[in-house]
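For reference, the structure discussed in these notes is given below.
A, B, ... follow the sequence lines: proteins, then strands. Residue 1 opens every chain. No experiment lies behind these values; they were computed from the predicted model shown.
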Amino acid sequence: MSNQNAVNNYLKMLPGVVSLPNVSYPRATLNNSIVGDNDYYTCPAGRRAMILNGVYSNRNASTNTVIINWKTGGVYYKLTTSASFTVATNTATTNTVQGSIILEAGESLSVNTSLVGLNASSSIIEFDSTSNVRMVRATSIVSGDNTIYTCPAGKSALIVPYGGEPFYAGGATSGSLSIVSSSGLTPNLTWYMIPNGGSKGNNNIIKLLTATNASFRNYVSYFSQMNAGDSIVMNTSATLANTQVLLIVCEV
Amino acid sequence: MATQNVLNNKIFSGRGDIALTGVKFVNTTSFNMINGTTDIYTCPAGKRAAIYNYSGQNNNGTSQTIQVKIKVSGTYYPLIINSTMTANASGIAQPNCIILEAGESISATTNAANITYVGCAMEYDASCAMYTSKVLNLTSGNNTIYTCPAGKKAVLLDNKLTTYGISSTPASVKLYNGSGGAVVHQVYLVNSGGSPATTNQFFSNTGTASAALLTVSLPAGLQAGDFVSVNSASATAGQFCWINVMETT
């Protein structure tokens with residue numbers, strides 16, 4: 001019999017396809033927020049952390065305005081798909097992050113609150129950074145075409161849809177390809193999935209987003225398998241500072 | 001017996017964090033039950049049994065009801081509110097999954113004959129650290145529903161006994177109020193060494209209605225000594241509370 005973790009698979013995957021080595025579920029709770037940024041979970045060395053569900057409970061006598069952030073390189077990026085959300089007194093909200101995210105070592109999950117009194121708890125899965133499940137990040141986004149990801153030679157890849165469930169039976173409702181930004185611009189974004197050896201064209205557009213508010217998170221619902229050499233390309237009408245384009249892949 | 005790879009993850013235990021041994025699937029369908037309460041399946045010695053899906057099929061010609069329960073030491077505790085099924089239709093849109101310990105039973109109460117319970121159970125060895133932490137009758141004040149043991153970590157499971165992510169209903173605390181009256185409840189997630197307080201409160205209400213089911217979302221990983229507490233304003237019996245958990249090292 002295989003031991004714990006040796007046979008683990010990945011979420012709803014077909015058995016044995018992808019292993020998440022040395023899985024654990026860390027505590028990620030925030031008790032009584034301060035006003036401003038509250039980093040309440042940091043991914044440890046040698047690990048990755050997939051952020052799953054979260055609950056945000058406001059115990060302040062006034063409505064609390066909340067932003068869920070991903071902190072990387074000392075910079076906060078909004079994970080929510082709006083500038084912020086509110087939580088009324090003595091209520092809680094969940095599922096405010098549209099699409100999963102995987103932290104690397106040293107990166108944090110954080111909430112920014114307008115008032116004290118917010119309690120939070122998130123479900124997080126930690127695993128070794130040797131896993132073939134990872135979050136691709138493109139950080140230098142210039143006007144024109146930006147190749148976000150190319151499936152490596154000798155590999156096939158799966159773009160992980162909403163919720164981190166590669167074979168999510170209900171369909172990818174959000175979050176497969178996403179862009180987090182504080183540029184404040186409103187660019188037009190066009191996403192492409194270009195087959196190996198092909199070129200960008202109308203026949204491989206995934207999605208066109210016009211006048212995208214690049215002040216928080218935007219996403220495109222998309223799920224696909226990719227062969228070696230296939231690429232995801234994002235065309236933007238403007239150079240975007242303080243921006244990261246993200247997608248989660250598992251390569252086999 | 002199916003291999004570990006097949007069983008360990010596909011349905012339960014999310015990402016394969018624990019190995020379930022001695023697994024066996026059990027058909028717990030009970031055809032054309034009597035009018036009243038039927039004990040459908042009892043978990044055998046040395047095993048746990050995950051009741052991971054169930055529904056009712058009304059083969060009676062008129063609208064009828066079904067309520068699925070667990071039976072512990074001869075007493076029944078509802079897992080769902082009383083569900084109405086129209087004639088020749090099925091019911092129970094959202095079953096609440098639970099894991100039985102040895103000797104505990106899954107049961108159903110119907111208000112007419114010719115109603116079928118359709119259900120699935122998976123037995124596995126009782127040594128596997130995936131189970132339901134149950135408090136059969138809350139008392140007035142703080143009730144500890146679950147404490148992560150020394151040397152362990154734990155994750156609360158969702159309603160389908162998985163640790164799945166943001167696309168599913170989060171892990172939750174479940175409470176059926178069978179006390180006969182509305183009861184005020186609060187839920188706390190308390191770090192080791194702490195105590196229930198506003199700073200770790202995740203839910204409060206002005207009253208859980210009688211014969212209602214309370215579901216409080218609480219996605220969380222716990223360290224040793226962390227615990228979940230539910231405060232009740234009433235000592236009246238019938239407030240059944242449970243959490244599905246999986247423990248890892």
Item to check | Derivation and outcome, side chain to side chain contact (heavy atoms under 4.5 Å, CB included), residues A:Leu109 and A:Tyr40 | outcome: CA-CA 6 Å; A:Leu109 181 64; A:Tyr40 68 101; 3.2 Å; yes
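- If you run side-chain hydrogen bond (donor to acceptor under 3.5 Å, both in side chains) between B:Tyr131 and each of B:Glu247, B:Glu101, B:Arg48, only B:Glu247 comes through.
- Listed in order of number, the residues of residues 115-122 of chain A that approach chain B to under 4.5 Å between heavy atoms are A:Asn119, A:Ala120, A:Ser121, A:Ser122.
- Residue pairs meeting the salt bridge (charged side-chain N to carboxylate O under 4.0 Å, His left out) criterion with at least one member in residues 21-31 of chain A, sequence neighbours excluded: A:Arg27-B:Asp226.
- Between A:Glu126 and A:Arg47 there is a salt bridge, since at least one side-chain N of the basic residue sits less than 4.0 Å from a carboxylate O of the acidic one.
- Using a cutoff of 4.0 Å between basic side-chain nitrogens and carboxylate oxygens, B:Asp125 and B:Lys47 are scored as salt-bridged.
- Residue with the most contacts toward chain B among A:Pro26, A:Ala92, A:Ser33, A:Ser57: A:Ser57 (heavy-atom pairs, distance under 4.5 Å).
- Looking at A:Asn218, its side chain never comes within 3.5 Å of a backbone N or O of A:Ile179 through a donor-acceptor pair.
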